[in-house]
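One structure below.
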Amino acid sequence: MSRAGLLESRVGRAVSGPSYRELLLDATSRHGGAGLGNEIPQAALLRKLTSWFESLPDSSIKPSPDRRADLIAMHRGRAVAVEIKTYSRDLPSRSLIAEWRREADLVSSRALFERVEEFVGRVREVDVTARTFTAILGGRFADPSDEVVGTFDRRLVGDLAFDQLRPGSTFTLVTGYQIHLDTQGNAESSSLATRVIMHRARPRSRGRRAAAARQASDLLED
Amino acid sequence: MGAFNPAIVTPDWLLSKQLIDEQDRSYVLQDGEDRFITSSVFSGGRYAWVTLEFSRESLHIQSTSETETGERVRELAVGLLAALPETPVGRVHLSHFMFLTLNQEQTDRLTATLAPVGPILEHFRDAQFEAVEYRSTRERGYADLLVEPSHRDGYQLYVEYERVWELADPPGVDPAVAVEVLDGEWEATQAEASAIVNHLIHLA
């Protein structure tokens with residue numbers, strides 16, 4: 001069995017269970033904290049208490065000015081300081097946390113995407129009149145000699161993204177099967193799907209700007 | 001990890017920054033589904049293709065079963081950090097978690113290879129594999145590998161590989177530095193995670 005098969009073959013199990021909110025709060029109450037990935041458990045418990053205080057009439061939350069308390073709630077004019085202590089033996093394992101997340105994922109989504117192929121593309125030409133764009137596509141880590149050129153309809157990226165396309169824009173094109181699951185987690189329908197994810201302009205850090213300035217300066221001196 | 005303001009990360013704000021689309025917004029705010037939670041210390045949204053959780057100390061982005069490719073998660077992270085240029089970032093964590101389906105024989109073989117219980121059995125009766133964790137020091141941080149039994153039905157092992165870049169002590173650095181890490185290290189980290197899980201399967 002391929003690795004993908006090993007990882008994905010049992011995804012479609014029966015799905016029924018708590019909502020995302022219930023999952024977070026229930027995980028918090030049953031296990032004295034945690035429920036949220038790698039976050040510290042105190043933070044999860046703090047969230048529960050915060051939302052509880054916020055749901056009370058005449059209540060508000062403010063930060064603890066001297067950091068001696070994790071939370072200060074104002075309830076009917078009186079301040080309530082909350083300090084949270086938890087013990088490592090109470091914590092659920094990371095696999096259990098991952099399982100909760102995965103369950104929430106399945107309960108909520110009822111679909112999955114099985115990737116088949118992924119390309120990195122660079123736009124060469126945009127034809128606004130014909131509403132098409134031409135791009136060079138290459139596989140990730142692939143030999144540049146394997147690159148192909150294709151012309152695509154604007155519908156592939158959607159109107160909004162099409163208006164932002166410029167020669168030089170880069171994107172990821174991924175094809176795969178979009179599988180819809182019924183309430184029991186069995187595949188209900190499956191269709192071949194293509195998605196284009198446009199790459200955003202990257203902010204430059206001070207260090208990188210300085211390095212670019214030095215390089216430009218060296219080039220000018222040469 | 002850094003210093004974030006969870007209260008601003010609403011579906012409307014994300015839409016205004018073109019980080020999600022109208023369909024995503026409608027999905028997360030659908031009546032009766034409880035997919036979005038917000039308070040002054042935490043904001044969480046469970047979108048079809050991504051789960052976003054902000055606390056004051058961390059921004060957590062996780063793929064779902066509908067995420068087409070990890071690239072979509074990276075682009076979202078870049079977009080979020082670019083939209084929050086004054087937010088200091090201290091660490092970047094890139095985590096991969098995998099559930100493996102193995103038969104009992106494969107599971108026993110793999111766990112006996114990773115953490116043999118034989119040497120301790122004489123003095124610690126009925127010892128069983130519980131978990132094994134490794135850490136490797138890397139440039140600007142470290143990598144952790146965790147293998148433990150899975151609690152999910154139909155899966156025997158849970159594998160988590162996490163690469164951490166320690167960029168700065170509090171208050172942190174320009175988020176553009178985190179973007180540079182995501183750009184420069186993403187593919188190598190994905191390849192490493194993939195190689196590790198393939199090797200574990202080979203050992204099994």
Side-chain angles (χ1 to χ4, degrees), chain A residues 1 3 5-7 9-11 13 19-22 24 36-40 43-44 46-47 50-51 54 61 71 93-96 98-99 101-106 108-109 111-113 115 118 120 140-141 158 160 172 174 176 178 193 195 197-208, chain B residues 18 21 33-35 37 39-42 44 46 48-49 51 53 55 57-58 60 62 64-69 71-72 75 78-79 81-82 85 93 95 97-102 131 146 148-155 158 160 162 173-177 179-180 183 187 191 194 197-198 201:
Chain A
M1 186 183 281
R3 185 173 70 83
L6 278 168
L7 294 175
S9 63
R10 298 299 297 273
V11 167
R13 58 184 290 265
S19 69
Y20 176 61
R21 179 195 292 260
E22 285 166 345
L24 294 181
L36 283 174
N38 297 322
E39 262 189 278
I40 55 169
L46 201 58
R47 277 196 294 280
T50 302
S51 54
E54 286 180 340
I61 305 290
L71 171 74
S93 67
R94 275 148 73 174
S95 70
L96 197 55
E99 180 195 353
R101 287 181 163 281
R102 190 67 171 159
E103 290 298 311
D105 189 10
L106 287 171
S108 183
S109 69
L112 60 95
F113 190 91
R115 187 175 47 170
E118 187 171 326
V120 179
R140 213 166 270 291
F141 306 116
L160 184 66
T172 297
V174 58
Q178 189 161 36
R195 297 277 186 277
I197 296 125
M198 298 305 302
H199 295 186
R200 293 169 182 279
R202 267 48 178 162
R204 297 282 181 256
S205 68
R206 191 182 297 172
R208 187 179 280 192
Chain B
Q18 296 184 351
D21 61 24
E33 294 290 343
D34 269 347
R35 290 180 179 135
I37 305 168
S39 75
S40 55
V41 294
F42 176 75
R46 200 292 173 199
W49 60 275
T51 300
E53 287 164 0
S55 70
E57 303 84 22
S58 70
H60 186 97
Q62 183 166 320
T64 73
S65 57
E66 287 187 66
T67 312
E68 300 89 346
T69 165
E71 282 298 297
R72 199 169 183 194
E75 288 305 312
V78 168
L81 293 169
H93 294 237
S95 306
F97 59 94
M98 295 148 276
F99 295 91
L100 302 187
T101 304
L102 303 171
L146 168 76
E148 64 179 36
S150 170
H151 295 272
R152 270 187 89 193
D153 290 347
Y155 295 87
Y158 170 76
E160 185 178 298
E162 183 172 67
V173 289
D174 182 348
V177 177
V179 172
E180 286 168 9
D183 276 344
E187 286 181 354
S194 187
V197 81
N198 279 333
I201 291 168

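No experiment lies behind these values; they were computed from the predicted model shown.
Taking both residues in full, the closest heavy atoms of B:Val78 and A:Ala201 are given as CG1-O, 4.3 Å, listed atom of the first, atom of the second, then distance. Scanning both residues, A:Ala111 and B:Ser65, for their nearest heavy atoms gives O-OG, 2.8 Å.
Take A:Arg202 and apply the salt bridge (Lys or Arg N to Asp or Glu O under 4.0 Å) test, not counting sequence neighbours, and it matches B:Glu75, B:Asp183. With sequence neighbours left out, B:Glu180 forms a side chain to side chain donor-acceptor pair (under 3.5 Å) with A:Ser205, A:Arg208.
Heavy-atom distances place the side chain of B:Val179, and not its backbone, under 4.5 Å from chain A. Of the two parts of A:Arg204, only the backbone, made up of N, CA, C and O, holds a non-hydrogen atom closer than 4.5 Å to a non-hydrogen atom of chain B.
The backbone N or O of A:Glu118 lies less than 3.5 Å from no partner atom in the side chain of B:Thr69, so there is not a single donor-acceptor pair.
With rounding to the nearest 0.5 Å, the separation of CD in B:Glu68 from CZ in A:Phe113 is 5.5 Å. Atom CD of residue B:Glu71 and atom CZ of residue A:Arg195 lie 16.0 Å apart, to the nearest 0.5 angstrom.
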